[in-house]
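Heads up, the thing below is written out as structure tokens.
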Amino acid sequence: MAASLLACGIDPKTSILFQQSQVSEHTELSWILGCLTSMPRLRHLPQWKMKSKQKSEGSVGLYTYPVLQAADILLYKSTHVPVGEDQVQHLELAQDLARIFNHTYGDFFPEPHALLSATRKVKSLRDPSSKMSKSDPQKMATVSLTDSPDDISLKIRRAVTDFTSEVTFDPVGRPGVSNLLLMHSATAGITVEEAVAQAKGLDTGAYKQLVAEAVIQRLRPIREEIERLRTDRGHLESLLTKGALRARELAAPVLQEVRQRVGFS
């Protein structure tokens, strides 16, 4: 994960990159925020409803995970958080918890706001009604940053579309084709309208080749940089260790103030 983030452009000189598990303040604040969260509030979050159905019976860790996400955000008094569309409701929980804490213990946490990119959600290549996810059991459903060009071409060639050959953007009526247009737009740095224009005269089979080429070109330097970074594990571990120290310097005084306000110290 660290190699992937660095390869995608995260600069450790201007950003703090660390393992959450190495900063214990996250879990302690999560427990405090959990005491301010109702069970019905968590039960209605989309991730719990979706994954608990998949596993028949969800775990407590899955159930309370959105509270930990809120702690991750509020611990650093974040004002803006880059998220996908599927995470907006979880960010709204963080906003709610900030308001509840501030109302109960005095103004302290800012309410974080979402930063959404033009491509708010990429859908599964096998089921365009659901999001693309690295945890999807169907390997053909997800394009990974480390996929080879051949793997990317195969996955996109087998992407679920429909029986209409013309390429048009209609997220409701044609979710599979529309997902390909969004992927093309995002990876080529063009608008959806421009992607549709480039697809003019192509059937969906030929258009899939165009999309695959755009994805391959966009991911090639990232994949190569991930491979390079992975060869120096010591460098990655050193970056994460330094990042954890820097994160703790920010997190510790915030948690100390929280502890004082709730009466723990």
Side-chain angles (χ1 to χ4, degrees), residues 1 3-10 46-47 50-51 53-54 82-89 114-230:
M1 176 58 78
S4 297
L5 290 171
L6 291 168
C8 286
I10 297 297
Q47 184 168 312
M50 177 183 69
K51 293 196 172 181
K53 284 182 180 179
Q54 292 175 350
V83 292
E85 189 176 60
D86 60 299
Q87 290 295 318
V88 168
Q89 288 190 41
L115 286 176
L116 294 164
S117 68
T119 306
R120 298 187 174 193
K121 182 189 290 186
V122 179
K123 302 295 184 66
S124 163
L125 294 176
R126 302 304 303 161
D127 178 11
S129 67
S130 62
K131 71 171 184 175
M132 183 179 288
S133 171
K134 62 181 182 292
S135 61
D136 195 314
Q138 295 191 71
K139 293 183 179 180
M140 299 300 291
T142 303
V143 174
S144 300
L145 294 177
T146 53
D147 278 347
S148 70
D150 287 345
D151 287 339
I152 293 171
S153 293
L154 178 62
K155 288 178 179 181
I156 293 178
R157 186 164 66 247
R158 293 188 178 178
V160 171
T161 51
D162 53 44
F163 297 106
T164 303
S165 61
E166 183 184 5
V167 177
T168 59
F169 187 67
D170 179 3
V172 176
R174 306 189 69 195
V177 174
S178 298
N179 189 43
L180 292 176
L181 284 162
L182 287 170
M183 292 176 65
H184 184 195
S185 168
T187 54
I190 59 179
T191 65
V192 171
E193 290 75 18
E194 289 171 329
V196 171
Q198 289 188 19
K200 189 174 183 179
L202 301 177
D203 60 23
T204 52
Y207 181 61
K208 285 179 178 180
Q209 295 178 19
L210 183 62
V211 175
E213 290 170 7
V215 175
I216 289 167
Q217 287 297 111
R218 182 69 183 89
L219 296 188
R220 176 177 284 114
I222 295 174
R223 185 187 72 254
E224 292 174 350
E225 181 65 3
I226 290 173
E227 292 172 354
R228 185 191 71 79
L229 288 165
R230 283 177 171 174

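Fair warning: this is a prediction, and the values are worked out from it, not measured in the lab. What you see below is based on every heavy atom in this structure, not just the backbone, and it leaves out hydrogens, waters and symmetry mates.
A heavy-atom distance below 4.5 Å is not found between the side chains of Val83 and Leu115. The closest side-chain heavy-atom distance from Val88 to Arg120 is not below 4.5 Å.
For Asp162, the salt bridge (charged side-chain N to carboxylate O under 4.0 Å, His left out) criterion is met by Arg174, not counting sequence neighbours.
Across all their heavy atoms, Ser4 and Leu145 have their closest contact at CB-CD1, 4.1 Å. Here the shortest heavy-atom pairing between Ala186 and Thr119 reads CB-OG1, 3.4 Å. In terms of heavy atoms, Ser178 sits closest to Pro171 at OG-N, 3.2 Å. Here the shortest heavy-atom pairing between Ile226 and Ala7 reads CG1-CB, 3.5 Å.
For the atom pair Gln89 CD and Gln87 CD, the distance stands at 10.0 Å (nearest 0.5 Å). Once rounded to the nearest 0.5 Å, the distance linking CD of Gln198 with CD of Glu194 reads 7.5 Å. Between the CG atom in Leu219 and the SG atom in Cys8 there is a gap of 8.5 Å [rounded to 0.5 Å]. The CD atom of Gln138 sits 6.5 Å away from atom CZ of Arg126, with the distance rounded to the nearest 0.5 Å. Distance check: Ser153 OG to Lys208 NZ gives 12.5 Å after rounding to the nearest 0.5 Å. Separation of atoms CD1 (Ile222) and CG (Leu5) is listed at 11.0 Å; rounding is to 0.5 Å.
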Exercise for review: Step by step, work out the salt bridge (charged side-chain N to carboxylate O under 4.0 Å, His left out) result for Glu227 and Arg230.
Suggested key: CA-CA 5 Å; Glu227 292 172 354; Arg230 283 177 171 174; over 6 Å; no
Practice item. For Val196 and Leu181, run side chain to side chain contact (heavy atoms under 4.5 Å, CB included): C-alpha distance rounded to whole Å, both residues' side-chain angles, the deciding distance at 0.1 Å, then the answer. Key: CA-CA 7 Å; Val196 171; Leu181 284 162; 3.9 Å; yes
Exercise for review: Could you walk me through whether Ser144 and Thr146 pass the side-chain hydrogen bond (donor to acceptor under 3.5 Å, both in side chains) test, one step at a time?
Suggested key: CA-CA 5 Å; Ser144 300; Thr146 53; 5.1 Å; no
Practice item. For the pair Val122 and Met183, evaluate side chain to side chain contact (heavy atoms under 4.5 Å, CB included) and give the outcome as yes or no after the intermediate values. Key: CA-CA 7 Å; Val122 179; Met183 292 176 65; 3.9 Å; yes
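No option in Val211, Ile152, Ile156, Thr187 other than Ile152 meets the side chain to side chain contact (heavy atoms under 4.5 Å, CB included) test with Ile216. Looking at Thr142, Val143, Val160 one by one, the single match for side chain to side chain contact (heavy atoms under 4.5 Å, CB included) with Leu125 turns out to be Val143.
Using a 3.5 Å distance cut-off with no hydrogens or angles, the side chains of Ser133 and Asp136 do not pair a donor with an acceptor.
Checking side-chain atoms of Lys121 against main-chain N and O of Lys131 turns up no donor-acceptor pair under 3.5 Å. Formation of a donor-acceptor pair under 3.5 Å by the Arg220 side chain with backbone atoms of Pro149 is not found in this model. Between the Asn179 side chain and the Pro128 main chain, no donor and acceptor come within less than 3.5 Å of each other.
A ring pair (Phe, Tyr, Trp, His ring centres under 6.0 Å) check over residues 158-211, counting only residues at least two apart or in different chains, returns the pairs His184-Tyr207.
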